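Below you'll find the structure, written out as structure tokens, and then a few comments.
The structure presented is a predicted model; accordingly, all values stated were derived computationally and were not measured. When a ligand or atom number is given, it counts from 1 through the structure's own listing order.
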Amino acid sequence: MSHPEIESVLHEDRVFEPPTEFASKARIKSLDEYNQLYEKAKANPEQFWAELAESELHWFKKWDTVLDWQPPFAKWFVGGKINISYNCLDRHLSTERRDKTALIWEGEPGDSCTFTYAELHAEVCQFANALKQLGVGKGDVVGIYMPMIPEAAIALLACARIGAPHTVVFGGFSAEALRDRLVDGKAKAVITADGGFRKDKAVPLKVAVDKALENDGAPTVEKVLVVQRTKEAVTMVPDRDYWWHELQPTLSTECEAEQMDSEDMLFILYTSGSTGKPKGVVHTTGGYNLYTHMTTQWIFDIQDDDVYWCGADVGWITGHSYIVYGPLSNGATVLMYEGAPRPSKPDCFWELIAKYKVSIFYTAPTAIRAFIKMGDHLPQKHDLSSLRLLGTVGEPINPEAWMWYHRVIGNEKCPIVDTWWQTETGGVMITALPGAIATKPGSATKPFPGILADIVDHDGNPVGENEGGFLVIRYPWPSMMRTVYGDPNRFRRTYWEHIPPKDGEYVYFAGDGARRDEDGYFWVMGRVDDVINVSGHRLGSMEIESALVSHPAVAEAAVVGRPDDLKGEDIFAFITLEGEYEASDELKVELKKHVTGEIGAIARPGDIRFSDALPKTRSGKIMRRLLRSLAAGQEVSGDTSTLEDRSVLDKLREGA
Ligand code: PRX
């Protein structure tokens with residue numbers, strides 16, 4: 001195994017059974033029931049998914065073929081006609097859910113609003129009509145660069161309604177990163193806001209859009225729809241930029257949902273890989289709708305009186321699948337929050353849970369670790385008794401953080417679902433079903449029904465119990481990514497040929513290391529490639545290296561992850577300078593700023609070390625394994641015999 005860290009076996013034998021009371025009312029009530037579902041799905045996945053697609057979703061026209069699998073390209077519900085915005089909105093309107101709260105929104109300064117399903121439907125229709133008026137139609141890609149305001153969710157649903165694939169770019173990304181994505185996605189329009197509120201400040205967004213579009217930076221973009229949030233001054237370009245609040249009163253609250261092919265593209269979402277620029281992960285309509293619907297229902301055990309809160313940003317896949325599409329497709333009440341804990345309001349999360357009687361709360365380990373640091377007294381000041389289920393996502397959760405979550409937030413009565421998945425998988429793949437599967441702190445537990453997860457070695461051979469290996473999926477599932485936008489070969493190479501196909505069987509390589517214990521529980525250890533997971537945000541080391549070397553002072557850069565108590569991993573950059581530049585603290589500051597400008601603050605290196613040379617093999621490959629050890633302050637272990645110049649290591653150590 002190339003990464004010794006995935007072999008480290010965590011010893012953890014605490015087990016938490018689903019609380020009896022919870023299980024008795026849960027969607028999936030027992031291990032037996034889970035096992036039966038799992039076996040049924042395994043025996044005939046197509047039939048399993050088809051039955052659910054039929055009973056759980058609205059189709060304008062039923063499909064002809066459930067699955068067309070030409071490895072590694074899958075099509076689900078071929079010939080079916082569907083619209084995910086219809087499934088999230090219209091079909092609830094003829095039921096008692098019509099006047100149920102769909103969305104509760106809380107702004108950072110404390111302003112708030114709610115939408116019933118009928119009201120949300122009307123807003124989405126108006127928004128869709130605005131897009132149409134700006135010339136956006138079926139098949140046109142729309143960039144979305146928004147703060148966490150209701151219009152972010154409305155924009156997604158409006159695009160889906162008219163069949164315009166969206167590509168959401170996280171509001172924390174820079175103008176440069178936004179431009180790259182708009183260009184790659186060939187976006188025709190951009191939806192943005194003047195700004196949003198973050199840490200008690202108004203943070204601009206429209207200026208970044210202006211910058212991305214200046215000098216014809218993204219030539220396919222014709223129109224920009226701007227939502228007013230902060231009321232800070234912005235420049236509006238005539239015939240390009242339009243205020244949403246000026247258009248809205250003129251627009252009809254009806255807009256028929258387009259009948260989309262099941263396999264029509266629903267969205268592109270860019271994510272980092274170990275090589276090259278970020279990839280546009282393509283998701284399509286029918287399979288994604290079904291899988292996010294079922295996972296939301298069974299994993300979050302959505303009941304009609306739940307108030308569900310997922311703390312992610314709409315800019316990430318978690319926001320797409322588990323703030324917008326999955327919960328609304330189930331007719332849930334969703335809380336959306338613009339802000340984050342900050343010195344002036346360290347307990348804002350707990351305050352919100354008490355204020356809105358949140359019953360299901362889904363967040364990331366990095367947030368949990370930050371809460372632990374802030375102290376138990378903060379959550380203890382608030383009434384959290386409405387909570388009945390907790391979830392975590394984004395990175396492995398350390399058992400101590402899990403236990404704190406269980407004890408202090410869950411009052412030892414809420415099951416915890418640790419959900420393993422990825423942008424590429426569209427929905428959760430490995431997780432407990434809270435009424436059925438006993439949990440172990442740090443384990444994502446078992447695969448969702450229909451997901452054939454396994455752990456294999458380099459050649460694709462299954463490894464033994466408790467042995468480390470690569471996490472793979474053996475069979476297509478409805479919400480799997482369909483391709484890398486514009487680059488099907490990269491899709492094939494990266495995900496399906498990394499483990500060589502055997503006898504025509506292709507397996508999906510997730511890029512994570514894992515082991516399976518004696519009870520069949522999965523323990524995900526983290527990435528085995530050069531992807532760094534900073535506070536649950538996924539960044540490619542090559543991307544950050546490219547950003548660094550685009551600065552005139554930098555000759556060469558190598559970026560690795562370093563373990564961090566709070567963020568999980570932090571970014572550590574080793575740099576050699578061009579001849580005329582001298583190492584200095586000022587230059588470190590400047591380089592960090594440069595990366596922020598090129599990618600965004602989430603990619604800013606936590607530490608930079610200057611050096612005369614980087615450790616390389618004789619063939620010129622940077623030995624990141626050594627750099628990882630150095631960054632972590634560990635002894636460099638393992639084989640260093642391929643190192644070209646051994647004195648480089650000593651110098652790097654001295655530079656510490
Ligand atoms: O390494 C795994 C980690 O996050 C990666 C996927 O990142 P992204 O596409 O940004 O999606 C994050 C939200 C779904 C995975 O390859 N990861 C995600 N969830 C977990 C996790 N690692 C361990 N346990 C998890 N529950």
Side-chain angles (χ1 to χ4, degrees), residues 3 5-6 10 168-170 172-173 267-274 278-281 283 291-292 295-296 299 310-323 325-326 362-369 390-399 401-402 405 416-432 439-448 451 453 455 470-473 479-481 484 494-495 498 508-515 521-540 543 561 567-569 602-603:
H3 288 258
E5 59 265 40
I6 76 172
L10 185 84
V168 184
V169 179
F170 171 58
F173 277 123
F267 65 87
I268 310 170
L269 186 58
Y270 286 84
T271 192
S272 301
S274 46
K279 331 174 246 255
V281 170
H283 283 288
Y291 196 78
T292 52
T295 45
T296 305
I299 299 165
C310 165
D313 190 284
V314 177
W316 309 112
I317 190 70
T318 310
H320 287 56
S321 300
Y322 299 111
I323 294 177
Y325 292 121
Y362 190 30
T363 189
T366 188
I368 298 169
R369 290 191 298 264
L390 302 173
T392 139
V393 60
E395 51 180 312
I397 183 163
N398 42 312
W402 195 103
Y405 201 27
I416 296 178
V417 289
D418 174 356
T419 61
W420 176 84
W421 60 297
Q422 311 178 293
T423 306
E424 292 88 338
T425 67
V428 175
M429 305 290 278
I430 302 180
T431 176
T439 51
K440 302 184 186 185
S443 168
T445 77
K446 299 203 170 208
F448 195 78
I451 302 304
I455 299 174
F470 302 118
L471 181 52
V472 297
I473 313 293
S479 66
M480 63 188 255
M481 77 182 279
V484 172
T494 313
Y495 300 104
H498 195 96
Y508 170 83
F509 172 73
D512 279 315
R515 72 182 167 92
Y521 277 47
F522 285 78
W523 299 76
V524 179
M525 305 301 178
R527 302 290 307 196
V528 291
D529 52 11
D530 294 321
V531 168
I532 307 173
N533 190 330
V534 185
S535 300
H537 297 319
R538 182 171 157 182
L539 294 155
E543 252 177 289
K567 301 178 179 174
E569 278 187 292
I602 53 172

Exercise for the section: Can you measure from CZ (Phe170) to CG (Asp313) and round to the nearest 0.5 angstrom? Expected result: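 Phe170 CZ to Asp313 CG: 5.0 Å, rounded to 0.5 Å.
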
Problem - Nearest-0.5 Å distance, OG1 of residue Thr271 to CZ of residue Arg538 - result: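 So the gap between those two atoms works out to 3.5 Å.
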
What's the shortest distance from [atom] to any protein heavy atom, and which residue and atom give it?
{"atom": "atom 23 (C) of ligand 1", "result": "Pro396 N, 3.1 Å"}
{"atom": "atom 6 (C) of ligand 1", "result": "Trp421 O, 3.6 Å"}
{"atom": "atom 4 (O) of ligand 1", "result": "Gly394 O, 3.2 Å"}
{"atom": "atom 13 (C) of ligand 1", "result": "Thr318 OG1, 3.5 Å"}
{"atom": "atom 8 (P) of ligand 1", "result": "Thr423 OG1, 3.5 Å"}

Problem - Which segment of Glu395 sits under 4.0 Å of ligand 1 when only heavy atoms are counted - result: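 It is the backbone that touches ligand 1; the side chain stays farther off.
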
Problem - ligand 1-proximal atoms of Ala444, by part, heavy-atom distance under 4.0 Å - result: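 The answer is neither.
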
Exercise for the section: Looking only at distances, please establish whether an N/O atom of ligand 1 is found under 3.5 Å from an N/O atom of Arg527. Expected result: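 Yes.
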
Can you sort out which atoms of ligand 1 are near [X], meaning under 4.0 Å from one of its heavy atoms?
{"X": "Thr419", "answer": "19 (N), 20 (C), 25 (C), 26 (N)"}
{"X": "Asn533", "answer": "3 (C), 4 (O)"}
{"X": "Arg538", "answer": "6 (C), 7 (O), 8 (P), 9 (O), 10 (O)"}
{"X": "Val393", "answer": "13 (C), 14 (C)"}
{"X": "Val524", "answer": "22 (N), 23 (C)"}

Handout entry: Closest to atom 1 (O) of ligand 1 (judged by heavy-atom distance), picking from Leu471, Ile430, Asp512, Val528
Key =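 It is Asp512 whose heavy atom sits nearest to atom 1 (O) of ligand 1.
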
Practice task
Look at the rings of His283 and Phe267 and say which category their plane angle falls in: under 30° parallel, 30 to 60° tilted, over 60° perpendicular.
Solution key: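 The arrangement is tilted - the two ring planes meet at 30° to 60°.
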
Exercise for the section: Quick one: sort the Tyr362 and Tyr322 rings into parallel, tilted or perpendicular, breaks at 30° and 60°. Expected result: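 Taking Tyr322 first and then Tyr362, their aromatic rings stand perpendicular (interplane angle over 60°).
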
Practice task
Would you check if Trp316 and Val168 make a side-chain contact, meaning some heavy-atom pair closer than 4.5 Å?
Solution key: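 Counting from C-beta outward, Trp316 and Val168 never come under 4.5 Å.
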
Exercise for the section: Spell out, as yes or no, whether a donor-acceptor pair under 3.5 Å connects the side chain of Thr425 to the backbone of Trp421. Expected result: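 Side chain of Thr425 to backbone of Trp421, a donor-acceptor pair under 3.5 Å: no, none is there.
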
Problem - His537 backbone acceptor or donor facing Ser535 side chain under 3.5 Å - result: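 No, Ser535 side chain to His537 backbone: no donor-acceptor pair under 3.5 Å.
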
Problem - Trp420-Phe522 aromatic ring centre distance below 6.0 Å - result: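 Not close enough - the centres of the two rings lie 6.0 Å or further apart.
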
Practice task
Give a yes or no on whether a salt bridge exists between Arg369 and Glu395, defined as a side-chain N under 4.0 angstrom from a carboxylate O.
Solution key: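 Yes, this pair counts.
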
